[in-house]
Every structure is written in structure tokens, then in C-alpha cells.
There are 2 protein chains.
Amino acid sequence: MKRPKIVVLGAGYGGLMTVTRLQKQLSNNEADIVLVNKNDYHYETTWLHEASAGTLHHDKVRYDISSVIDKSKVEFIQATALKVDHQAKKVQLDNGELSYDYLVISLGGASETFGIQGLDKYAFSISNVNAARQIREHIEYQFATYKVEAEKKSERLTIVVGGAGFTGIEFLGELGNRIPQLCKEYDIDQKLVRVVCVEAAPSALPGFDPELVKYAMANLEKKGIEFMIGTAIKEATPEGIIVAKGETETEEIKAATVVWAAGVRGNPIIEASEIENMRGRVKVEADLRAPGFTDLFVIGDCSLVINEAINRPYPPTAQIAMQQGELVAANITKLVKGDTNLNTFAFDNKGTVCSLGDDDAIGVVFGKKVTGTKASFMKKMVDNRALFMVGGIPLTMKKGKFNLL
Amino acid sequence: MKRPKIVVLGAGYGGLMTVTRLQKQLSNNEADIVLVNKNDYHYETTWLHEASAGTLHHDKVRYDISSVIDKSKVEFIQATALKVDHQAKKVQLDNGELSYDYLVISLGGASETFGIQGLDKYAFSISNVNAARQIREHIEYQFATYKVEAEKKSERLTIVVGGAGFTGIEFLGELGNRIPQLCKEYDIDQKLVRVVCVEAAPSALPGFDPELVKYAMANLEKKGIEFMIGTAIKEATPEGIIVAKGETETEEIKAATVVWAAGVRGNPIIEASEIENMRGRVKVEADLRAPGFTDLFVIGDCSLVINEAINRPYPPTAQIAMQQGELVAANITKLVKGDTNLNTFAFDNKGTVCSLGDDDAIGVVFGKKVTGTKASFMKKMVDNRALFMVGGIPLTMKKGKFNLL
């Protein structure tokens, strides 16, 4: 009897949770498990804003995949998945091809620029470790260059953050703490530095409790962050950005650094593989399979799960991806064992904490509002929990956040 | 009776030695001492190659001027000196004017590009703390960007060092140690990195013992440095450099980073002040006064002292500048006290050590050749001695190099 082959694409929160559960639930005789990932490491997407600001080294943000998989059960292939041929049950990789019996697409999202001109070319996106490192170095290089040039360009010391959503606000929190360090490092007067957040929506952190949003903005403003809320970016240019001002006018904000932190869409592989989707995201069935498929699961940023209470999709988060990973592992285990009565997914929202730098945060945890060092402590516990879920105590001890205030 | 006013321009090796000796030798009643410097800190010019490579933080390379001057005796003015009006006995500063009775010009040199096109625009020069920081950040930014870009530009990982003189070789030594760190930091295969040293003269380190030069080149080559000796840079461009190849041909070396470490000339103030000079350097009298002046001393990189043995100028080094500073302090003390029988300068060459990174060096010390860890140890002792001469044990303990192998 041939063992079924389970292929998991992507070693993010969802993918690693799937694989680490599968390797516990299935024996060597029951299935072959293959994990495909572009890098030989996993990175904490939700910590990338720290690596981008330079407040946390990127090696703290990633760990080797080999440290959490059971190599006697899981084969790891370092490759980029390009397309799924679901007819032939094969995945095209950049360095080969892979057949599967069950496929899990857990590839994470891509930046969504909503067609705003120049953003893809002139703005940075906090999308992975490589990008985070470049943002960190770009900002430092601007500060170093400002200090050298005879004719000072003040825009070198201006950073625009596009979007006051979760990622934008968390990045601003880190910048608020990082800027004084950078000014010290490069002998620059902090008054010369501008950090401007531009958000098209009428409020920062849409969906968050207004009282918490007010707290967050006030505390970030205390750290020197400027907000332009209800202001749309019309264009990104080599010199900075153009924003809308009133109905017809525009205004230029000169900035050497523009970071776009406003939109996420699904991975391009979804569209390339002609799976039914909305902006690269698949509205999955209750068992997390793509509609019309018996062998193809989609989780994480590429999946769309509706919050029935408000009839809108849940935002793609690490929390939901990990819960999906657990469920997919259970369902594939069932299928391998011949049980077609699959479990259905229900998101168990344990709350959300948005950090405002290492020392401050806001959040709703188990239905209760928290702010300040208490929220910051909880945020670190959330981060540590993700490590614990995948790699247990050893990984948590190695990569966890224990700089508790 | 009016106290004479002694003005010292520049807080480099020579200037600080002058001031710290003067403040010991003269009482408050005997003279007013003013020190003028662009920054409120002194930096170790001979350590800048380390800050530029990123192997030593620039804060280890500098210290506050206020920590070594006696504020009850010395007035410190932070300003850039532009021109000396020796007729009126005044110095023009960027923020005012200063009269003097005795003037010491100890301002350090400027980069000499010998008219090679594009060098001033496209090449970096290891000239001060600001420049060193920018070189460090520029190199890091190239590595970070290489990792992100879809179409890899290999020239981002190429560094050209123009000149295999003292500074060039010492910088290459640091790069040899730094490149493996950078490759680890940015997940880059070291085989992709090129460090090329281009030197027009027929040998590296002209004037050094050939056996030691051979040792240095072999050890740097082991660390991956390529040498193009006897090769002239014809031009620097935004893409890299053009070098001469044979009599008529040229060759392009694409490089995102070009560091020019080949030439030093005197400070522009010398020419601006119409003091007799050769490429900004003043061939000083035996008492270190500029020819024709009774009140104007020139020391350090702006001065030219002939080595009678070979009838060529001594290279401008920290060692000679400090010895000049001691002599100038003694001579001004004499003048203030009414003694016109001034001391004459004779350079006491204690030897020269050229570092090849933190862990290796070559040198001739008290007439004996040294290499390897022994030479490296001696180099650190030389560096510590400069600190001790100016700031005694406290400064040496604070900024000294004690990572002895």
C-alpha cells in the first residue's frame, strides 16, 4: 500500500503549526510529510516591524526550521512554490516539481498597494527578513549621509509610514523608541527628525476600541510621531509622497524613507493556480478546504474566514493561522486514517494586543481592555506563546521575549 | 600687563598635545589659551579605518575634548577655522573672529585626489567620524539591498580600495575580518564578495621593508583581498572605477563602494591664508614656525619636515604630530616667559606598526621587524600610548584597546 504524501507549502505560523502537529499525529508508516519553504528558517511576521526599526536583531526574529521539525518524519525542501497544478496533483517549484496527495497552502500574503502609483517602486514593505534588514539599513544610511553632506537635505531625516493599521502603528511604536537612539548614534538633533503617519481611513486602527486608539495616538505623539488621518496617499515618488488635501488639492511630503504598511493580499500562487479567490485569498469551506477540492487546504493569509457576527472577514493574523494549522493537521490525520468526517473551523479569538514599542501597548484580552506596561507584558506573552506552540520550551527559552518591564 | 593669547586650531594629535602640555607649563596669569575645533570631540584619525569597516564603534574612536582640557586654563570654542589674517593677527571662524598673539595651526590634512576625475564625487574618503560612519553604513546598505533585489547586482558586493599605502592596507585588514561578519549578518555567500585594492605604485606600502610587505599581502590575500599593484585609477564613475591596463587600454571595475585612501594634502586653510606651502603643507623652520613668522607655528599634517637621511619629507603620522605638539608647547612657553632661544625639532622615530586587522600586523619597532600577534599587540600599545600622552591613565582605561590576543 502506498503511503499518502502530504505537502505543506510555507513555514509561517500556519504551515509550521500544521507540520509540527502532523508529525505528532501520524507515524512513519501512515504518511510522507513534505514541507516546502523559500528559506531554511521561519520568521515571526508579527515581529518584523521591530527588525525593520532596528530595535530587535533579525536573528531574534527567526529560527531554523530544522530545529522544530522531526527529520525522521518530515522532509524539508528549500524552494519557492510557483504554481499548483491541481489536475495533476503537482506543485511547480523554482527548482523542480513535487506531487502530492494532500496539499496545504500556507504561504502568507503579499503587499497590497491598491493601485497607488509608485508605491511598489519607491516604498518599502515590511514583508520578510530581507526587507526588514533593508529598511533598517536604509534609515541608518540616510542618517549617516545627512551628517556628511555639505548641503543638508532635511528629507533624509523624514520617515513616512503609510497606514495606521496594526502593522503601521506597531512600527511607529518602535520608531518612537529608535529615533532617539539613531540621533545619538549619528550626532543628530532630534528636532530635525520627522516621522509622519498617513492614513486614508477616518481613524487609526479601525475596529479597535476608540478609547484605546486615542491612548495609542496620544502616546505615539508624545514620542514625536505626527498623524495625518483621513488623508489618502495619491502617489509615491523618488522624493517622497503626494497626499490629497481637500477635494482637489494635493500636497507633497518629502521623505527619503516611505514604508507602506497598509494592505495585505493573498499570495500570487493562488491566482497563478487558478483557484477561486478574492484578491489572492480563498474563501475556504468550514473544514478549511478550498471550495470544490477534497485534497487542497488553504490557511493563513491566503484564506478568508468570515466573522459571522459582523459578516466581514477576520483580519489575517498569526493567531487565526495557528488555529487553522491545528485544525488542518487534525483533518488531514482523519483523511489519512480513512475518516472523512472532518472537523469544522471556529475562530477562538483570545484577544488582540497592539504594541507601541517595547514599553507600551494597547489591547483587548479575554474581553478586557489593557494599556501600558500591563498590555506590553501581555504582548510579549502572546509572542512567546507562538514560539511555545511550535517549538515548546526549548524554542521559547531561546527566542522568547523576557525583557519584561 | 596684558596676558598673551595663544590660539590652537584643531584638536587632533598635535593640537591636543600642545594644549595639554601648555596647560601644565603655564599658569593662569601667564597666558590665555584658546582651543578651536570643529567638533566638541577629538577622534583618533589612525583608528578611523576600523570605524569605517565597522569593526570598532566610532564612540570608541573619539572622546570629549572637555575630558582632557583644564577648563580653568583653556577656553574651548567649537568652530571651523576658515582663514588666518596674519597681518591683523586674527583667525576667521565660521561663527566669528578670534585674535591671537601666538597661533598654532594643527588642523590635519585633506584628501588628495591628484586630479583623478570623479574621485571627489564618487569615492569615499576615511577622513573623519562622520565619513567613517557613512562608509560603514553604505557598505551595510549595499549588502542589505543585494539580498532584497530581484535582479542581483553583483557590484553591490564589490569594494574597491584606492591605494595600498598605510591607510589602504589597514582598512583592507579590517575589511578582511569584517566581510565574513557581514555575510553572516545578511545571509550572503562570501564567494560573491570582492574586495579589490588598486595601487598605482609598483609596490604596496612604499618605504616598508619588502619582506614585511610580502607578509602583509599574503595574509590579506588569504582573507580574500585582491591586489592590483602598479595599476592606476584613471577615473571614478557612478558605477565604479576605470583603471589603466597596459599603455593604452583601460578596464572597468564595477563597484558600489570605492574608498580612496591614497593621498593626503594640507588643510585648505593654509592656501586660503596665503602661507607659503606645497600642496597645502608648510615646510616649517626647525623651531616649527612657518618661514618668515615669529608668532605662527604649523604642526601635524599641514607641516612638512624633511628627513635629512633620505632628503624626503617624513610621512604625516600621529607620532610626528604629537612630538611636534610637545615641542611647540615648550617653545611657546619659552616665548611667553621671554626666552627667544627656541628648541629645534628632531623626529625621534620609535617605529611604525601597520595593522592587518585586529589579529595581525607588521612593523618595525626600535629597529626590529615584527609580525603577527606580537606586532598586533604592539600596535595596540602604540594606540594606547597616544591616549596616555593626552589624557593619562583615566582616558587610556576608558578608550584603550585591551582586547589583546
Side-chain angles (χ1 to χ4, degrees), chain A residues 38-41 43 48 51-52 54 57-64 78 80 94 110-111 120-153 156 181-189 256-257 259 268, chain B residues 38-41 43 48 51-52 54 57-64 78 80 94 110-111 120-153 156 181-189 256-257 259 268:
Chain A
K38 193 178 173 178
N39 307 302
D40 58 3
Y41 57 84
Y43 58 82
L48 283 178
S52 302
H57 192 267
H58 58 262
D59 280 339
K60 286 289 279 181
V61 168
R62 62 178 175 178
Y63 52 81
D64 289 342
Q78 190 173 346
T80 301
D94 58 348
S111 179
D120 53 344
K121 206 166 165 187
Y122 303 117
F124 295 96
S125 164
I126 303 176
S127 47
N128 53 44
V129 167
N130 293 340
R133 271 191 301 227
Q134 199 198 22
I135 295 168
R136 176 193 77 192
E137 288 306 315
H138 178 83
I139 294 170
E140 286 216 33
Y141 185 52
Q142 298 307 318
F143 276 63
T145 301
Y146 178 84
K147 196 68 191 175
V148 168
E149 63 196 358
E151 226 174 282
K152 305 286 181 206
K153 289 187 188 151
R156 288 201 195 277
Q181 296 173 354
L182 283 172
C183 288
K184 188 160 181 287
E185 177 76 5
Y186 295 100
D187 300 322
I188 284 173
D189 181 355
T257 308
V259 178
Chain B
K38 192 177 173 177
N39 306 303
D40 58 4
Y41 56 84
Y43 58 83
L48 283 178
S52 302
H57 192 268
H58 57 264
D59 280 339
K60 286 289 279 181
V61 168
R62 63 178 175 179
Y63 52 83
D64 289 341
Q78 192 174 345
T80 301
D94 59 348
S111 179
D120 53 346
K121 204 165 165 188
Y122 303 118
F124 295 96
S125 165
I126 303 175
S127 47
N128 53 45
V129 167
N130 294 339
R133 273 191 299 228
Q134 198 197 22
I135 295 169
R136 178 193 76 193
E137 288 308 314
H138 177 83
I139 294 171
E140 286 214 32
Y141 185 52
Q142 298 307 318
F143 276 63
T145 302
Y146 178 85
K147 197 67 192 177
V148 168
E149 63 196 358
E151 226 174 281
K152 305 285 180 208
K153 287 187 190 154
R156 288 203 195 276
Q181 296 172 354
L182 284 171
C183 288
K184 188 162 180 288
E185 176 76 5
Y186 295 100
D187 300 322
I188 284 174
D189 182 354
T257 308
V259 178

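In this text, all values refer to a predicted model and were calculated from it rather than measured experimentally.
For the residue pair Asn130(B) and Val148(A), the shortest heavy atom distance occurs at O-CG2, 3.2 Å.
With a 4.5 Å cut-off on non-hydrogen atoms, Tyr186(A) touches chain B through its backbone and its side chain both. Heavy-atom distances place no part of Asn39(A) under 4.5 Å from chain B, backbone and side chain included.
Looking at Arg133(A) and Glu140(B), their side chains never come closer than 4.5 Å, going by heavy atoms from C-beta outward. Proximity of Tyr141(A) to Gln134(B): side-chain heavy atoms (C-beta onward) are separated by under 4.5 Å at one or more points. For the pair Asp187(B)/Arg62(A), a side-chain contact is recorded, criterion being any heavy-atom separation below 4.5 Å from C-beta on.
A donor-acceptor pair under 3.5 Å links the side-chain atoms of His58(A) to the main chain of Glu185(B), judged by distance alone.
With salt bridges taken as basic N to acidic carboxylate O contacts below 4.0 Å, none links Arg156(B) and Glu137(A).
A 6.0 Å sphere centred on NZ of Lys153(A) holds no more than 12 heavy atoms belonging to other residues, nucleotides or ligands.
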